Amino acid sequence: MKIIVCVKQVPDTETRIRINPEGNGIVDQDVNWVVSPYDEFAIEEALRIKEAKGGEVVLVSLGPDRAQTALRNGLAMGADSAVHLKDAAFDAADTMGVAKALAAAIKGIGGADLVLTGQQGVGGDHSQVPGLLAGLLDLPQVTMAIKIELGEGKATVTREIEGASEVWETALPAVISAQKGLNEPRYASLKGIMAAKKKAIDVKDAAALGLAAADLAPLTTVASLELPPARPAVRMIDGDPETQARELLRLLHEEAKVI
Amino acid sequence: MKSIVTFAEQRDGKLRRPSLEAVSEARRVADAMGGAQVEAVVIGAGSGALAAELGHYGADVVHVFDAAELAHYATEVWARALGQVIGEVKPAAVLIPFTAMGKDLAPRVAAATGAGLVSDCSALAVKDGKLEARRAVYSGKAFATVRWSGEPQMATLRANVFSLATPDSSRATKTVARTVDAASRAKVTAVNAAAGGKLELTEAQTIVSGGRGMKGPEHFHLVEDLAAAFGAAVGASRAIVDAGWVDHHIQVGQTGKTVSPNLYIACGISGAIQHLAGMSSSRIIVAINKDGDAPIFKVANYGILGDAFEVMPKLTEAAKAYFAAKG
Ligand SMILES: Cc1cc2nc3c(=O)[nH]c(=O)nc-3n(C[C@H](O)[C@H](O)[C@H](O)COP(=O)(O)OP(=O)(O)OC[C@H]3O[C@@H](n4cnc5c(N)ncnc54)[C@H](O)[C@@H]3O)c2cc1C
């Protein structure tokens, strides 16, 4: 069983965001970069499948030099090898450009029995790459998985929807994206961290993936990035609990007009 | 003639509210583009019956894929159907609700049609005949204004943010019956409703959420009682989901649901950035917390500094009385 996991390095959600002078992105410095939490679920699931059924787990990440730290994290958890997609040409790529590069990389390593991703990359939160990837690779997809059971050439996947869960049966190979609830990701052991240092990371640029500038031309661009509008200062409600309760209801009705 | 295609999600023969919001927004965008046509797409067994309602909310044309084999959502089939309409109509824009289904479907359609896709938009504007979208990024710590370089301009819309049009039952709609190949490599084999058929968080107008300040699962009924009094959905912080007091499907935040109700009442929740990421676009936020420095008060409109165990029962009582009097 060959499993490819797509991994994105993202700012830690605690990180303070500073907007760049161009006003269309964030300042990269001083940001604490981590593996997107949903991708950790994907890596964990891949490792569990490997432990149960045998096989190999290959990580793929697109990003600048620092993305190697994310790949090392995944290798330390137990993945076997990694591919790092790195090219200045990727800087302006949108979700489609990223998906094209990932799809090309997956094809380049001979495809997989299963492609796992997080259901969204924290920060941008587009939730697009799994579906774009499945579409570009012409594979079936099941997104937001909270349970995956592998059978012979197929998988049974439980997926969360509004007020219910769906059970899907998909042929393999397929792209499956991970939602919280799928598993509890492990921490890398010291032994794992040491072993990761010796594992190979294969670096590929756009040309190696067979991608030209036109393939990466963004279909969408961020024109500007702004801080959110300030919310009005909180109005504290005084008095004993009973008075507070009545006063809150009055304000919700008369002032906020939400009840 | 320019047109806007909108995907109307239906389940069990009913249009979901986010679909009606998307049709309403499509109408506004079409009008702002100087009278473009709104073409809705509805897919599923029995969906033909929904065309008239889509018309009432602003659709000029409704493309209906109504066949017995379309009983369950299947990504590949739905993408094929929507792609068929997009290929023929060549719309200026495609609007899809950012629901579990829309989230799954939109990228697949984007991959097939080569459309640029902007996810989870919280506002759309028309500038010089083109769309411009606004969306939250970095846990709501920033907002991006995004533009498309070509057409169709495809966007998914956050639920509960775009207002519903006032339905006009005198509006006539043209219905186009269509067919699609229903073959799919991934299929739904069962749908299991969440316990109790509880109100769906992402579509609720009011949400009452509880956090670690509730001290233990045995006290969580205080949150449920308050929610019941308001007719609200119940939410939770991750701390108590991870502690196993409540199920993950009610978690609000970065790794849970993103919600935008009219009213969000946070009880014993500190307001960590990852929680705020899921609820800071709520219209009115109320915080009940015993710590005056809790960050939740920075985003709250109304704050009650106090012991949730004393305040919540009183608020439940007062709310019951208020709604009973209101009738
Ligand atoms: C990658 C990542 C993703 C995350 N995703 C999410 C997410 O999706 N959603 C989420 O919620 N969190 C998320 N978190 C966790 C988040 O950082 C916080 O740990 C969590 O939100 C805290 O939950 P809480 O407010 O219930 O608990 P606490 O932070 O412990 O706050 C409890 C609050 O209750 C108050 N309190 C205590 N007793 C009383 C009382 N008697 N009356 C009134 N108030 C009282 C306290 O003053 C305190 O403010 C994430 C964290 C990480 C690292």
Side-chain angles (χ1 to χ4, degrees), chain A residues 11 13-14 17 19 37 94-96 122-128 131-132 134-136 140-144 160-171 174 180-181 218-228 231-232 234-237 241-242 244-246 248-249 251-252 256 258-259, chain B residues 75-76 99-100 103-104 107-108 110-112 116-120 137-150 185-194 198 200 202 248-249 254-255 262-263 273-274 283-284 286 297 299-306 310-311 314-315 318-319 322:
Chain A
T13 44
E14 302 281 351
I17 294 299
I19 290 169
D94 60 359
T95 45
M96 182 74 93
V122 155
D125 297 309
H126 303 283
S127 215
Q128 288 186 20
L132 288 174
L136 294 171
Q141 71 185 58
V142 186
T143 54
M144 288 182 278
E160 235 180 32
I161 61 168
E162 293 84 3
S165 61
E166 291 172 338
V167 182
W168 288 62
E169 205 167 278
T170 180
K180 181 170 186 270
L219 303 168
T220 64
T221 38
V222 174
S224 65
L225 200 63
E226 294 152 48
L227 296 177
R231 286 191 80 101
V234 59
R235 172 150 170 190
M236 298 305 288
I237 301 170
E242 204 172 319
Q244 286 174 319
R246 266 190 280 115
L248 175 63
L249 287 170
L251 289 166
L252 292 177
V258 286
I259 60 171
Chain B
T75 317
E76 290 170 81
T99 54
K103 239 187 235 192
D104 183 76
R108 190 91 196 189
L117 172 61
V118 181
S119 300
D120 196 18
V137 289
Y138 303 114
S139 319
K141 283 182 279 192
F143 276 85
T145 300
V146 190
R147 299 196 186 116
W148 287 258
S149 57
R185 292 166 289 181
K187 286 194 177 90
V188 171
T189 56
V191 180
N192 303 312
K198 298 221 177 86
E200 167 54 28
T202 50
H248 168 252
H249 76 265
Q254 185 79 67
T255 42
N262 269 329
L263 173 60
I273 184 72
Q274 298 91 351
R283 204 157 78 73
I284 296 291
V286 174
F297 286 125
V299 297
N301 300 79
Y302 301 108
I304 294 184
L305 182 60
E310 289 174 20
V311 176
K314 295 288 180 211
L315 186 55
Y322 169 85

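Note that this is a predicted model, so its numbers are computed, not measured. A, B, ... follow the sequence lines: proteins, then strands. Residue 1 opens every chain.
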| task | Check the pair Thr202(B) / Glu162(A) against side-chain contact (heavy atoms from CB on, under 4.5 Å), numbers first and verdict last. | result | CA-CA 8 Å; Thr202(B) 50; Glu162(A) 293 84 3; 3.8 Å; yes
| request: Quick one: do Arg246(A) and Lys314(B) satisfy side-chain contact (heavy atoms from CB on, under 4.5 Å)? Show the steps, please. | output: CA-CA 9 Å; Arg246(A) 266 190 280 115; Lys314(B) 295 288 180 211; over 6 Å; no
| Which heavy atom in Ala164(A) sits nearest to a heavy atom in Val191(B), and how many Å separate them? | CB-CG1, 4.1 Å
| note | Heavy atoms of Pro228(A) and Gly140(B) approach each other most closely as CG-O, 3.4 Å
| task | Give the C-alpha distance, both sets of side-chain angles, the deciding distance and a yes or no for side chain to side chain donor-acceptor pair (under 3.5 Å) between Gln128(A) and Ser119(B). | result | CA-CA 8 Å; Gln128(A) 288 186 20; Ser119(B) 300; 2.8 Å; yes
Chain A heavy atoms under 4.5 Å from [X]: which part of the residue, side chain, backbone, both or neither?
{"X": "Thr99(B)", "result": "both"}
{"X": "Ile273(B)", "result": "side chain"}
{"X": "Glu310(B)", "result": "both"}

| request: Kindly determine whether Glu226(A) and Thr145(B) satisfy side-chain contact (heavy atoms from CB on, under 4.5 Å), including the steps that lead there. | output: CA-CA 8 Å; Glu226(A) 294 152 48; Thr145(B) 300; 3.8 Å; yes
| Side chain proximity check, Tyr302(B) to Leu252(A), heavy atoms < 4.5 angstrom | yes
| task | Kindly indicate whether the side chain of Val167(A), heavy atoms from C-beta on, has any atom under 4.5 Å from the side chain of Val188(B). | result | no
| task | Output, in order, the C-alpha distance, side-chain angles, deciding distance and verdict of side chain to side chain donor-acceptor pair (under 3.5 Å) for Glu14(A) and Gln274(B). | result | CA-CA 8 Å; Glu14(A) 302 281 351; Gln274(B) 298 91 351; 3.1 Å; yes
| request: Go through the atoms of Asp125(A) and report whether side chain, backbone, both or neither lie under 4.5 Å from a heavy atom of chain B. | output: both
| Non-hydrogen atoms of chain B under 4.5 Å away: do they reach the side chain of Leu251(A), the backbone, both or neither? | both
| Does Asn301(B) have any side-chain contact (heavy atoms from CB on, under 4.5 Å) partners at least two apart in sequence or in another chain, and if so, which? | Arg231(A), Pro232(A), Ile284(B), Ile285(B)
| request: Take Gln141(A) and Asp104(B) through the side-chain contact (heavy atoms from CB on, under 4.5 Å) test and state the conclusion after the steps. | output: CA-CA 9 Å; Gln141(A) 71 185 58; Asp104(B) 183 76; 3.1 Å; yes
